[in-house]
Amino acid sequence: MINLSQTAANEIRRLKSNQQPNILFRLAVKAGGCYDWFYDMSFDETVEISDRVFDLNGIQVVVDAESLDYVNGLAVDYSEDLIGGGFRFHNPQAIATCGCGNSFSITAPNAID
């Protein structure tokens, strides 16, 4: 369902090392950004009953039920360039993406409130 590159997993591990032990990495899709939706990444201590947990390259990735349809097939990578590093997203469902790559438009069966 989601592809997390080894480079992205390594960066998440690095970021997690500054957090509390057993902290979880949460990936969500929220309304807003340059287009209709944007990817939101955070650390969380809890898993809700409706959440789905994926083990991707040794990282537990938590996705809320409302975001699942929007991340199906999503590939997450991390790369560095002259202006710094950042996560890169490739969503085969996106019909348009912002230049930053974090905001996108999609035609999905369900809407996120």
ask   = Roughly how far, to the nearest 0.5 Å, is the CE atom of Met1 from the CG atom of Asp69?
value = 7.0 Å
query = CG of Asn3 to CG of Leu74: how many Å apart, nearest 0.5 Å?
reply = 8.5 Å
ask   = How many angstroms lie between CD1 in Ile12 and OG1 in Thr7, if you round to the nearest 0.5 Å?
value = 11.0 Å
Between Asp64 and Ser67, a side-chain donor and acceptor under 3.5 Å = yes
task = Over all heavy atoms of both residues, which pair between Thr46 and Asp44 is shortest? Give the atoms and the distance, please.
result = N-OD1, 3.2 Å
remark   = Heavy-atom closest pair (Tyr78 atom, Ser5 atom, distance to 0.1 Å) is N-OG, 4.0 Å
task = Check the pair Val76 / Phe87 against side-chain contact (heavy atoms from CB on, under 4.5 Å), numbers first and verdict last.
result = CA-CA 7 Å; Val76 182; Phe87 288 94; 4.1 Å; yes
inquiry  = Nearest 0.5 Å, please: how far is CD in Gln60 from CG in Asp55?
reply    = 6.0 Å
key: Qualifying residues under salt bridge (Lys or Arg N to Asp or Glu O under 4.0 Å), relative to Asp36, sequence neighbours excluded   = none
Side chains of Arg26 and Ser42, donor plus acceptor under 3.5 Å = no
request  = Decide if atom CG of Asn18 counts as having more than 12 heavy atoms of other residues, nucleotides or ligands within a radius under 6.0 Å.
outcome  = yes
message = Looking at every non-hydrogen atom in both residues, tell me the closest pair between Ser50 and Ala65 and how far apart they are.
response = O-CB, 3.4 Å
ask   = Under the salt bridge (Lys or Arg N to Asp or Glu O under 4.0 Å) rule, what pairs show up with a residue in residues 6-24, not counting sequence neighbours?
value = Glu11-Arg14
request  = Applying side-chain contact (heavy atoms from CB on, under 4.5 Å), run through Val29 and Phe38 and close with a yes or a no.
outcome  = CA-CA 6 Å; Val29 172; Phe38 70 95; over 6 Å; no
ask   = Is there a side-chain contact (heavy atoms from CB on, under 4.5 Å) between Leu4 and Val61 once you walk through the steps?
value = CA-CA 9 Å; Leu4 185 66; Val61 179; 4.3 Å; yes
Atom of Asn91, atom of Asn72 and distance for their closest heavy-atom approach = OD1-O, 4.2 Å
ask   = How many angstroms lie between CG in Leu27 and CZ in Arg52, if you round to the nearest 0.5 Å?
value = 13.0 Å
ask   = With a 4.5 Å heavy-atom cut-off, do Leu15 and Phe43 have their side chains touching?
value = yes
note = All heavy atoms of Lys30 vs all of Asp40, minimum pair found to be NZ-OD2, 3.3 Å
key: Linked hydrophobic residues, Val62 as query - side chain contacts closer than 4.5 Å   = Leu24, Val47, Val53
ask   = Can you name the nearest heavy-atom pair linking Ser79 to Arg88, along with the distance?
value = OG-NE, 3.1 Å
